[in-house]
Amino acid sequence: MSDAREAEEPRTGAEEPTTEADQPRTEADRPGTADGGPEPRRTGQDDGGRRKYGPLGTVLVIIPTYNEAENIAPIVARVRESVPDAHILVADDNSPDGTGKVADELAVEDDHVKVLHRKGKEGLGAAYLAGFRWGIEHGYGVLVEMDADGSHQPEELPRLLTALKGADLVIGSRWVPGGRIVNWPKSREFISRGGSTYSRLMLDVPIRDMTAGYRAFRKETLEGLGMEAVASQGYCFQIDLAWRAVKAGFHVIEVPVTFIERERGESKMSRDIVTEAAWRVMSWGVGSRVNKLLGRKEP
Ligand SMILES: Nc1nc2c(ncn2[C@@H]2O[C@H](COP(=O)(O)OP(=O)(O)OP(=O)(O)O)[C@@H](O)[C@H]2O)c(=O)[nH]1
Ligand SMILES: [Mg+2]
């Protein structure tokens, strides 16, 4: 990432967060699905409930955008309604359709909304990394990943945040009991399910939905998983972060969510993204096995 990009500042007069979204954890706060849904699935370093987790701090919901002018206002409104204490950072890659300008207008009306203007389209992964960095620098305790197109329902965010009280990373999962997909053709489901199973087996991690893009991280998790070295994009970016979190010994929980296919705007999904992910994951998996065989420590 260039110096110029590092110097990019949100144009919203963003001030330090002041609200606490959470209180110190108690036994009564054990993670669970607030609506009585299935128990979240625990993976990674499960501590049997003995480990004490600190308070969450203020939540920043990062929404990366590229040509989401029709979607950005509704999704921001839904997040504000669903988790009123949370702040939102729209990370826009200079969308030709004027998404950045719409976001600026939202930020003028609401001091919980910030905008990170980036120079041009550099991919989802780069936008999230810039958003994470911005959030950590500005003192947020929880960084949430959420798409702009309504696939990730803001109404489910409180359940993810409740689970994060007892975890380092929470994944909004389509492939655990209780998880659902609405409006996806069978072909898309096949690619997504297959991609998750392939990554799980290749990388030997117990996460069901490796490509999920609806996640809540504690800031310490992002700081501890080697975020600076992440170079992957698209699906691979999500797989990369999940794998790093497990390798670093963080406690990961999957909470079932209902994923809804986008209704408005254009998909940025491409065959290249899927192919990139398949090759990279295979090379990570092979590299990791070779390291184990040779008794070398994982990088
Ligand atoms: N800042 C930024 N955001 C991006 C970029 N590519 C995609 N996004 C955003 O990332 C989120 C996910 O992208 P989508 O196009 O919905 O990808 P998808 O969910 O795999 O595919 P569909 O939902 O079928 O379109 C959306 O909010 C996009 O606007 C990018 O290069 N830069
Ligand atoms: Mg989408």
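As the structure lists them, so they are numbered: ligands from 1, and atoms in each ligand from 1. When reading the values below, keep in mind they use all heavy atoms of this one structure, side chains included, and skip hydrogens, waters and symmetry mates.
Some N or O of Gly123 is nearer than 3.5 Å to an N or O of ligand 1, by distance alone. Residue Ser151 has no N or O atom closer than 3.5 Å to an N or O atom of ligand 1. Taking distance alone, with nitrogen or oxygen atoms compared against 3.5 Å, Asp93 approaches ligand 1 more closely than that limit. When only interatomic distances are considered, the shortest N/O to N/O separation between Ala91 and ligand 1 falls below 3.5 Å.
Of all atoms in ligand 1, numbered sequentially from 1 with element shown, those under 4.0 Å from a heavy atom of Thr65 are 1 (N), 2 (C), 3 (N), 29 (O). Distances below 4.0 Å separate heavy atoms of Glu261 from the following atoms of ligand 1: 23 (O), 24 (O). Within ligand 1, the atoms closer than 4.0 Å to a non-hydrogen atom of Lys121 are 5 (C), 6 (N), 30 (C), 31 (O), numbered from 1 in the order shown. Residue Ala127 has at least one heavy-atom neighbour below 4.0 Å for each of these atoms of ligand 1: 1 (N), 2 (C). In summary, the atoms of ligand 1 found under 4.0 Å from a heavy atom of Glu68, numbered by their order in the structure, are 26 (C), 27 (O), 28 (C), 29 (O).
By heavy-atom distance, the residue among Thr99, Asp149, Leu124 lying nearest atom 16 (O) of ligand 1 is Asp149. Between the choices Glu145, Arg188, Arg262, Gln238, the shortest heavy-atom distance to atom 24 (O) of ligand 1 belongs to Arg188.
Here the shortest heavy-atom pairing between Asp85 and Thr58 reads O-CG2, 4.3 Å.
At a cut-off of 3.5 Å, with distance as the only test, a side-chain donor of His117 or Asp104 sits close to an acceptor on the other residue. In this structure, a donor-acceptor pair under 3.5 Å is present between the side chains of Thr211 and Arg174.
Lys186 forms no cation-pi arrangement with Trp184, by the criterion of a distance under 6.0 Å to the ring centre and an angle within 45° of the ring axis.
Using a 30° and 60° split on the angle between ring planes, Trp243 and Trp284 fall in the parallel class, below 30°.
The shortest heavy-atom distance from Met146 to ligand 1 is not under 4.0 Å. Not a single heavy atom of Arg118 sits under 4.0 Å from any atom of ligand 1.
With a 4.0 Å heavy-atom cut-off, ligand 1 is reached by no atom of Ala126. The parts of Ala148 lying near ligand 1 are both backbone and side chain, judged by heavy-atom distances below 4.0 Å.
Ile72 contributes atom CD1, which lies 8.0 Å from atom CD1 of Ile88 (distance to the nearest 0.5 angstrom).
Under a 3.5 Å cut-off, the side chain of Asp92 and the backbone N or O of Thr99 do not form any donor-acceptor pair. Using modelled atom types, no side-chain atom of Glu145 and backbone atom of Ala216 make a donor-acceptor pair closer than 3.5 Å.
A salt bridge between Arg118 and Glu122 is present, with a side-chain N of the basic residue lying under 4.0 Å from a carboxylate O of the acidic one. Ion pair Arg215/Glu254 not flagged as a salt bridge, since none of the NZ, NE, NH1 or NH2 atoms sits closer than 4.0 Å to an Asp/Glu carboxylate oxygen.
Within Asp149, OD2 is the N, O or S atom that lies nearest to the Mg ion (ligand 2).
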